[in-house]
Every structure is written in C-alpha cells, then in structure tokens.
Protein chains: 2
Amino acid sequence: MKENKKSLEARENILAAARLIFAAKGYAGARMQEIADNAGINKALLHYYYKSKDKLFEQIFQEALVKIIRPLASFLADDSELFQKIRNISRIYHEVLIEYPFLPNFILNEISTDPSRVLHLMNVEGVLVGREKTFKQIEEAIASGKIRPINPPELILNIISLSMFPFASRPIAQELMFKGVDMDEMFKERADQVADFVIQSIKI
Amino acid sequence: MKENKKSLEARENILAAARLIFAAKGYAGARMQEIADNAGINKALLHYYYKSKDKLFEQIFQEALVKIIRPLASFLADDSELFQKIRNISRIYHEVLIEYPFLPNFILNEISTDPSRVLHLMNVEGVLVGREKTFKQIEEAIASGKIRPINPPELILNIISLSMFPFASRPIAQELMFKGVDMDEMFKERADQVADFVIQSIKI
DNA sequence: GTCTATATGGAGATAGAC
DNA sequence: GTCTATCTCCATATAGAC
C-alpha cells in the first residue's frame, strides 16, 4: 500500500482524464479505454488503480457535487447583509464555473431522478440550518420594506438559475445569441451583472 | 409502403417510449430492449420500424429541438411591445416545459459540444432575422429611457435561464429548496413571476 | 408484420508474464 | 507496477420461419 511519486502522479493523471471524459460524455457514454488513453496508460493499469468504472465515477461525481453544494452552503450560512450575500454567491459560482464550466450539465444529468447522493451531502455540508436562516433573513427584508415580496426559495432559485444556466447552455447560446462573441470574457463580467440584475429586481 | 392502423399505432407507441427512455437516460444510456418493452413490442420489430438506434434517436432529438427553438424564434420575430413579449416567451416556455419537463436537460446533454444540428434548425426557423429585430428593439428601449442599459443577448439569456433552469434542476431543487412543496403548482404560477422579475429589474 | 434465434462487435474486467 | 492477451457479457442488429 505504499505509494511512490510515480503512482501518485498516475492516480492524478487518471482523475484528470476521468473528469474530462465523464463530464463530456456522462457515465454511460464514457469509455475506460478513452480515459486510459487520456491518462497516458493502458486499460489494465487503469483497472489496477481504480477497481471499476463505477468506483472511479463515484469519486469524480462526489468531487463535482461538492464544488456545487459547498458554495451554496456557505451562502446560506453567511451572516452578511442580504445584497452582499447575493453578490458573493454570484461571484463564487462564476469563479467555480469559469474553471469547471461543465459542472452544471454533468451533475444535472447524472443525478437524473435519484437525488439520494445530494441528500446525504446536504447534511454533511449543513445546508439545512443555513437554509432556514437565509429564508428568515429574506422574510425579514420583505417585512421591513427593504425588498419586494418574493418566495424565498424562488429568489434563491433565480440567483442560481442566472448563474448556472448560461454555462450549461454555452454551446447553443454561442450559436443562437453570441455569434462571434468571446464568452469567456462575457462570463467574467457577468458575475456582478447577475447580482445587479437580481438586486434591481427585488429592491424597493 | 402502405400503413395500416395497427402499424401506425405501433410507430406512435415506439416514439412515445423512445421519448421517455432517451430523455431519461440519454443516447448512450438508453437500451433498445427497454424501448421495445415500453412500446409493447419486441426488439426485432423495433428495428423493423426504425432501422437503427441512431435513426430513432435523431428523430426524437429533432422533435425535442423544435419544441425549444420554435418558441424562441416566435419570440424574436414578434412585433409586440417589449414587456409583453417577455411575458409571452416566459408563458410559452413554462407551458411547454410543464408538459415536457425533461427537454432542457435532454437537449443540453446530447448537444454536448457539437451545435451543428442547432445551427441548421436556426436557419429553418428564421431565428437570425428575428434576432436582429429584437436586439434593435431592446437597444431602442434603452435609448428612449424605457429600460436600463443591458446587453440585449444577455437580457434574453436571463429570461431563458429563469424559465428553463428550474426544470433542469428540479430533482435537486426539490431536495435543496422545495422540500414538501408541490413543484408542479409552483411552476404554473412561475411563468408570470419570472416575467415580473425580469421587467422589474430592467424598467426605469 | 411479427416472432425466435443468432451473428457480431464492443466494453468492462481479469490472468498472468515480466 | 506495467504490459499483452483474453474472458465474458451485453447491446445492436439481422436471418429466417411463420
């Protein structure tokens, strides 16, 4: 069970390749052969390091899930003022998704109709407690006349929709709406624009 | 090549089953056996009606693409006043997605990085001409002080994000934000709320 | 048109030499 | 740890009887 430098590097190469392939083609469409090729090893060795396709996938998927759920948990648990929180979550999600643009599609697809893995991670990350706190914060902002009436979960869903969907729809959006535009640049500036768009909509 | 009532029904059963299975599992994850079972026929007969998995999939996928692209084309070509157009597109997309909630995920996944099929359909549906018209309309609304400055394609992207992402993320959103809530009901009321949210954000 | 049986290829996984 | 060769299963697709 000792790990030398070489084998650690091999493991990391495999994970990097697996992230790429699984994200691009999904579990069913991914091929162990292609992952091995991308990692610069052969199939047998791939199976030597990661017993099965299932096991390898599960690791990649959990990793991806954490990248999405953890920022949300932080947002919900944050004690800052509401508008500042909105700026924060938009910025963090844009940062993460500029680095890993495939995350929304990957997760939404592979979760399909079974959200059990999400459920478990939610508890681990403490989403539940933070959620109640932020719901209450939004309700108080409405009661005090700071923002217009809106259902708290829908406000949060709106922020997440505006932050994630453009990444999920990037190839099609490029053709349909952003022909010739550098979407990487667009996304960089979009974080604050999404926050502005939301705040403008709810503030009185 | 004559088609009797029975075979037409068989064809329709197959398409209905294929829509279900392809949408739920994607091209790679779908099994011809499962489609045949769902259609109440056997595998050989399935191949008799639709030569190959590829051919069957292509038909289902085109169908799905049209359901998404056509409303967008109508929106872009519409001569109505801007705020009314925003209400219209939100309503139409919510109607379509309440009936076919799986469309966003299905299309976004299967298109992956190759948008060539979308490109072709765009021309057929006349998206290009409508797009320029609506971009101009938005720019004029900004120039005349009716709405705040915003990049026209981003405004449209925002509307579509708010309309589609909640459907794509439904299973995970249910767990995370809408525990115990009837999301079908929520979606019915959401069409106008999305339009209000957008209009509230841009109007002066 | 509809079925059973089967051909064919591909993908995950392992055996076993080095 | 790393490789080549191979096993096994499963999915698409077809042959051919009825």
Side-chain angles (χ1 to χ4, degrees), chain A residues 1-64 106 109-110 112 114 117, chain B residues 1-64 106 109-110 112 114 117:
Chain A
M1 259 300 166
K2 268 190 292 184
E3 298 274 351
N4 62 25
K5 228 176 278 181
K6 189 92 171 285
S7 77
L8 270 178
E9 197 190 318
R11 279 183 183 282
E12 199 34 63
N13 285 345
I14 291 171
L15 290 180
R19 279 181 205 111
L20 214 69
I21 308 290
F22 279 134
K25 320 212 164 172
Y27 176 81
R31 296 289 166 256
M32 294 296 270
Q33 183 63 61
E34 199 179 356
I35 293 174
D37 292 347
N38 250 268
I41 58 173
N42 66 35
K43 240 190 338 173
L45 200 50
L46 175 53
H47 275 93
Y48 171 78
Y49 280 112
Y50 295 89
K51 278 271 128 250
S52 69
K53 187 182 181 183
D54 264 64
K55 287 245 187 2
L56 179 55
F57 177 81
E58 210 50 44
Q59 180 161 342
I60 300 295
F61 185 74
Q62 279 298 326
E63 223 182 75
F106 179 50
N109 273 295
E110 297 299 340
S112 130
D114 167 30
R117 283 175 295 201
Chain B
M1 257 303 163
K2 268 189 291 183
E3 297 276 350
N4 60 26
K5 228 176 278 180
K6 190 91 171 285
S7 77
L8 270 178
E9 196 191 318
R11 278 184 184 282
E12 198 35 63
N13 285 344
I14 291 171
L15 289 180
R19 279 181 206 110
L20 213 70
I21 307 291
F22 279 134
K25 320 214 164 171
Y27 176 82
R31 295 291 167 256
M32 293 297 268
Q33 183 63 62
E34 199 179 355
I35 293 174
D37 291 347
N38 251 268
I41 57 173
N42 67 36
K43 245 190 334 176
L45 200 50
L46 174 54
H47 275 92
Y48 170 79
Y49 280 113
Y50 295 89
K51 278 269 128 256
S52 69
K53 186 182 182 182
D54 263 64
K55 287 246 183 10
L56 179 55
F57 177 81
E58 210 50 45
Q59 180 161 342
I60 300 294
F61 185 75
Q62 280 297 327
E63 224 182 74
F106 180 50
N109 274 294
E110 296 300 339
S112 131
D114 167 29
R117 283 174 295 198

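- The separation between A:Arg11 atom CZ and D:dG1 atom C1' is 11 Å, rounded to whole Å.
- Considering only side-chain atoms of B:Tyr49, the nucleotide from D:dA13, D:dT2, C:dT2 that sits closest is C:dT2.
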Atom pairs under 3.5 Å: protein N/O with N/O of nucleotides 15-18 of chain C:
none

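- Atom-to-atom, CD of B:Glu34 to P of D:dC10 comes out at 15 Å; the value is rounded to the nearest Å.
- Regarding A:Ile41, its CD1 atom lies at a distance of 15 Å from the C1' atom of C:dG12, rounded to whole Å.
- Identified under the salt bridge (charged side-chain N to carboxylate O under 4.0 Å, His left out) test for residues 45-54 of chain A, with sequence neighbours left out: none.
- Note: CD (B:Glu9) to P (C:dT2) measures 10 Å, nearest angstrom.
- For A:Ala39, the side chain to side chain contact (heavy atoms under 4.5 Å, CB included) partners at least two apart in sequence or on another chain are A:Asn13, A:Ile14, A:Ala17, A:Ile41.
- Atom CG in B:Leu46 sits roughly 12 Å away from atom P in C:dC3 (whole-Å rounding).
- To the nearest 0.5 Å, atoms CZ (A:Arg11) and CG (A:Leu46) are separated by 11.0 Å.
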Write out a two-atom table: protein N or O, nucleotide N or O from nucleotides 8-11 of chain C, distance below 3.5 Å.
residue : atom : partner : partner atom : Å
C:dA11  : OP1  : A:Arg31 : NE           : 3.0
C:dA11  : O5'  : A:Arg31 : NE           : 3.4

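- Rounded to an integer number of Å, the gap from B:His47 NE2 to C:dT6 P is 18 Å.
- Partners of A:Asn42 according to the side chain to side chain contact (heavy atoms under 4.5 Å, CB included) rule, which considers only residues two or more places apart in sequence or in another chain, are A:Ala44, A:Leu45.
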Could you pull out all donor-acceptor pairs under 3.5 Å where a side-chain atom in residues 19-26 of chain A meets a protein atom, sequence neighbours excluded?
residue : atom : partner : partner atom : Å
A:Arg19 : NE   : A:Glu63 : OE1          : 2.5
A:Arg19 : NH2  : A:Glu63 : OE1          : 3.3
A:Arg19 : NH2  : A:Glu63 : OE2          : 3.3
A:Lys25 : NZ   : A:Glu34 : OE1          : 3.2
A:Lys25 : NZ   : A:Glu34 : OE2          : 3.2

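- With rounding to the nearest 0.5 Å, the separation of NZ in B:Lys43 from CD1 in B:Ile35 is 12.0 Å.
- For the salt bridge (charged side-chain N to carboxylate O under 4.0 Å, His left out) test, residues two or more places apart in sequence or in another chain that qualify with A:Arg117 are A:Glu58.
- In this entry the distance linking CZ of B:Phe22 with C1' of D:dA11 reads 13 Å, nearest Å.
- The interatomic distance linking B:Asp37 (CG) with D:dA11 (C1') rounds to 13 Å, in whole Å.
- Annotation: ring pair (Phe, Tyr, Trp, His ring centres under 6.0 Å) contacts involving residues 25-45 of chain A, sequence neighbours excluded, comprise A:Tyr27-A:Phe57.
- Among the nucleotides D:dG1, D:dC3, C:dC3, the one closest to any side-chain atom of A:Asn42 is D:dC3.
- In terms of the side chain to side chain contact (heavy atoms under 4.5 Å, CB included) criterion, A:Ser112 has no residue partners (sequence neighbours excluded).
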